[in-house]
Each structure stands twice: as structure tokens, then as C-alpha cells.
Amino acid sequence: MTDAARAALAQGCAIWANPSSPHAEGRAARRALEDARAAIARSLGWRHEILFTSGASESLSIALGRSMAGRHFVGAIDHDAVLRAAPDAIVMPVGPDGVLRLPDLDGPRAVVTVQWANSETGVRQPIGELAEAIHAAGHILLVDAAQMPAGADPEVIAHADLVALSAHKRGGPPGIGALLVRDLALLAPTGGQERGYRPGTENMPGALAYAAALAEPEPDHAELRAHLDDAIRRSGGIVVADDSRRHPAIASYHMPGKPSAAQLIQFDLARISVSAGSACASGSLKPSHVLAALGWSVEAGREVVRVSFGRRTTREDVDRFVTAWRAIARGKRVEAA
């Protein structure tokens with residue numbers, strides 16, 4: 001979390017009251033909540049509705065589960081939260097580069113889910129190009145933008161009908177996210193809070209912290225990621241989707257012959273925190289459906305680790321990772337930090 005987000009969270013906790021209560025404290029909490037909503041809209045350049053949720057997973061569940069459309073298209077590399085929310089969806093394939101290949105979209109109106117960037121490989125989708133085809137077929141575009149920094153891709157703001165966001169990916173606290181909605185008529189209401197589209201007491205402190213985090217500039221990690229990519233190549237490793245346009249802070253690397261479970265233990269001893277697959281599924285160490293969709297074998301997929309950069313990641317941190325990578329690849333034991 002950013003310093004500003006922590007301060008805003010503390011401020012929200014200090015003035016917390018139920019924003020739906022009619023008394024003076026409740027009305028003050030409501031004003032704070034709506035001020036946060038307006039600040040987030042300004043940071044994102046969004047001029048339509050914003051519904052607060054508990055995070056991107058819930059935002060996706062609402063968008064897919066309460067859509068007024070009768071069908072769903074999802075990507076083969078979509079996050080598990082998407083696949084769980086739309087188990088009967090038509091699955092869109094990707095090429096070895098990780099980019100979606102749209103199928104025939106003819107038929108009744110549907111919600112088509114597209115990732116802004118994959119959480120394992122970092123591969124970014126051509127949102128504008130895909131949006132043109134999706135809207136031409138009369139469908140609704142839902143963008144899973146959990147990985148998107150504020151203002152990073154104006155094509156999302158210009159073309160998406162629904163956008164799922166997560167605060168903790170952007171320096172905010174866990175437990176708060178948002179669903180951007182171009183037109184509330186796209187969703188079936190359920191009653192309760194958030195304009196009647198999400199029941200439950202509003203997380204006003206979290207909303208304030210999210211707004212504060214979005215107001216801070218996001219570091220550009222492109223140079224660090226390029227440095228790490230180059231070091232991995234020179235060390236005998238393979239950069240997953242190397243030739244694709246990728247998120248500057250997310251990458252996956254293949255260490256041939258070394259199981260990712262063993263790598264994680266060694267990196268952890270060196271106090272280097274990485275994962276195998278998405279962070280949500282890393283604890284299970286199950287084969288990555290993302291790598292399988294890109295054409296990777298199960299065996300090779302089990303030798304891949306996912307690396308991402310944080311707000312405070314430095315060149316020294318990257319070099320320390322490379323040193324540990326080379327030791328593990330040579331079969332040497334990494335010394336505990």
C-alpha cells in the first residue's frame with residue numbers, strides 16, 4: 001500500500017459510520033464515500049457509473065452473473081474468477097503469443113470478457129481492435145483490468161462497457177475494488193446498497209484508500225523488466241511470450257529441468273517472493289491453464305515461475321534475483337538470507 005492510501009484508510013476508520021444511516025455521522029460517511037467515488041472517476045477518466053465491490057473477482061462475478069445478455073465468451077487464459085463465474089461460456093483460444101483469436105461472434109447478445117493483461121505472462125490484449133469486432137457483432141465488452149494502472153490504457157475507458165478493477169493491484173488496500181459500468185441497464189439489480197446492485201455495508205475506509213492510491217503516479221518498470229528479460233535469456237532461461245506486448249511489471253520465466261516448486265523454495269530462502277502461476281492459484285501448484293492455452297506442455301509448465309515488480313522494487317533486487325536464478329539453474333543451494 002502507498003503511504004497516502006494507508007493515511008486515507010486510517011482517516012476513514014476514524015470517521016467511520018454506516019454510509020446508509022440517516023443520522024449526521026452516517027451522512028458524513030456518505031459524503032466521504034461519494035467524494036472517493038468521484039475522485040476515482042477523475043483518476044480513471046470514467047464518466048459513467050462506478051460500483052464499489054470487494055475486489056476484481058466480485059466485480060467479474062457481478063458483471064457475468066447479472067448481465068442482461070444471455071451468453072458469455074471468455075478467453076482460454078482468463079483468470080479463474082472469470083472461468084468460475086461463467087462455467088458454460090464459449091471459450092476463445094489464444095495463439096502461442098497469448099493474444100486472443102476471436103471466434104465467430106454471430107448469435108444472440110453476449111458478454112465477451114477480455115483481459116487487459118494476463119496475470120501470469122503479462123501479455124496485453126489489443127483492446128481497441130477487439131472492441132471494434134465485439135461491438136460490431138452487437139455484444140457487450142467486459143474488460144478484466146485488475147492489472148491496469150490508472151490511465152494506462154485510454155482504449156479501455158473509451159471502448160469497454162464493463163471494467164473490473166482491484167485496489168490492491170494499484171497500491172490500495174485489499175478488500176476493495178470497483179466495477180465500472182457504462183450503462184446500469186446492462187445489469188440486473190438485486191436491491192441493497194451501491195445503487196441497488198451490490199448489497200452490503202459500504203467499505204468507506206477502503207474506498208478512501210483506493211482513491212488516494214490512484215492519485216499517486218505509478219512507477220514505470222519497463223527498464224527493469226527489460227533488464228531481467230535479458231539476464232534470463234543470457235542465463236539459459238526462456239521468457240514466456242517473449243515477442244508479445246507485455247505488462248512492464250509482470251513476466252514468467254522457464255528454467256528447463258528445474259521444477260517450479262523447488263525453485264520457489266530456493267527463492268524463498270533467499271527472501272525473494274515469486275510464485276508459480278497466478279498468485280491466487282500458486283499455493284496449489286496445479287498446472288497453469290494459461291501456459292497450456294499457449295501450447296506449453298504440462299512438464300514445461302511446471303518449470304515456470306511468475307515474477308512481478310512492486311512499487312519499491314529496485315535494480316539491486318532484480319540483480320539479486322538473477323544471482324539466485326543462476327545458482328538454482330546450476331544446481332547450487334541458495335544461501336538463506
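Along the sequence shown, the residues carry numbers beginning at 1.
- Closest of all the heavy-atom pairs between Gly301 and Trp296 is N-CE3, 4.4 Å.
- A donor-acceptor distance shorter than 3.5 angstrom exists from the side chain of Ser244 to the backbone of Asp97, with no hydrogens or angles considered.
- Under a hydrophobic clustering in which Ile, Leu, Val, Met, Phe, Trp and Tyr are joined whenever their side-chain heavy atoms come within less than 4.5 Å, directly or via other members, Leu141 and Leu44 fall into the same cluster.
- Of the possible polar contacts, one joining the Arg182 side chain to the Ile157 backbone as a donor-acceptor pair under 3.5 Å is found.
- Taking every heavy atom of both residues into account, Glu120 and Ser288 meet most closely at OE1-OG, 2.6 Å.
- The distance from atom CD1 of Ile40 to atom CG of Asp35, rounded to the nearest 0.5 Å, is 11.0 Å.
- A single hydrophobic cluster is not seen to contain both Val82 and Val112; linkage of ILVMFWY side chains at heavy-atom distances under 4.5 Å, directly or through other members, places them apart.
- The shortest side-chain heavy-atom distance between Val94 and Leu294 falls under the 4.5 Å cut-off.
- When the side chains of ILVMFWY residues are joined at heavy-atom separations under 4.5 Å, either directly or via intervening members, Val181 and Leu214 end up in two distinct hydrophobic clusters.
- Trp325 and Tyr253 have perpendicular rings, their planes meeting at more than 60° on a 0 to 90° scale where under 30° would count as parallel.
- The side-chain heavy atoms of Val156 and Trp46, taken from C-beta on, include no pair separated by under 4.5 Å.
- Around atom CD of Glu34, more than 12 heavy atoms belonging to other residues, nucleotides or ligands sit under 6.0 Å away.
- A continuous path of Ile, Leu, Val, Met, Phe, Trp and Tyr side chains, each step under 4.5 Å between heavy atoms, connects Leu264 with Val322, placing both in one hydrophobic cluster.
- The shortest side-chain heavy-atom distance between Leu142 and Ile140 does not fall under the 4.5 Å cut-off.
- Using a 4.5 Å heavy-atom threshold, the side chains of Glu194 and Phe52 count as touching.
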Would you please test Ser20 and Glu202 for side-chain hydrogen bond (donor to acceptor under 3.5 Å, both in side chains) and show each step? CA-CA 8 Å; Ser20 296; Glu202 299 95 333; 3.3 Å; yes
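- In this structure, Arg320 contributes its side chain and Ile272 its backbone to no donor-acceptor pair below 3.5 Å.
- Panel note: side chain His48, backbone Leu162; no donor-acceptor pair is recorded below 3.5 Å.
- The closest donor-acceptor contact from the side chain of Arg195 to the backbone of Leu184 lies at 3.5 Å or more, if one exists at all.
- Scanning both residues, Met92 and Arg101, for their nearest heavy atoms gives CB-O, 4.2 Å.
- The backbone N or O of Gly26 lies less than 3.5 Å from a partner atom in the side chain of His23, making a donor-acceptor pair.
- Interatomic distance, CG of Leu291 versus CD of Glu303, reported as 11.0 Å (0.5 Å rounding).
- In this structure, Trp116 and Gln125 have side chains that are not in contact, with every pair of non-hydrogen atoms separated by 4.5 Å or more.
- Listed here is the closest heavy atom pair of Pro173 and Gly206: CG-O, 4.0 Å.
- Nearest heavy-atom pair, Glu218 versus Pro149, reported as atom, atom and distance to 0.1 Å: CG-CB, 4.0 Å.
- With contacts defined as side-chain heavy-atom distances shorter than 4.5 Å, the pair His227/Asp319 qualifies.
- Taken together through direct or relayed side-chain contacts under 4.5 Å among Ile, Leu, Val, Met, Phe, Trp and Tyr, Leu105 and Leu100 form part of one hydrophobic cluster.
- Side chains of Met148 and Leu165 form a contact here, defined as non-hydrogen atoms less than 4.5 Å apart.
- Counting only distance, with no hydrogens or angles, the side chain of Gln266 and the backbone of Ala324 share no donor-acceptor pair below 3.5 Å.
- Using modelled atom types, no side-chain atom of Arg246 and backbone atom of Ala251 make a donor-acceptor pair closer than 3.5 Å.
- The line from OH of Tyr210 to CD1 of Ile50 is 8.5 Å long, rounded to the nearest 0.5 Å.
- Looking at every heavy atom in both residues, Thr2 comes nearest to Glu216 through OG1-OE2, 2.8 Å.
- Checking side-chain atoms of Ser260 against main-chain N and O of Arg302 turns up a donor-acceptor pair under 3.5 Å.
- Taking 4.5 Å as the limit, some side-chain heavy atom of Val318 sits within range of a side-chain heavy atom of Phe309.
- No donor-acceptor distance shorter than 3.5 angstrom exists from the side chain of Arg326 to the backbone of Ser235, with no hydrogens or angles considered.
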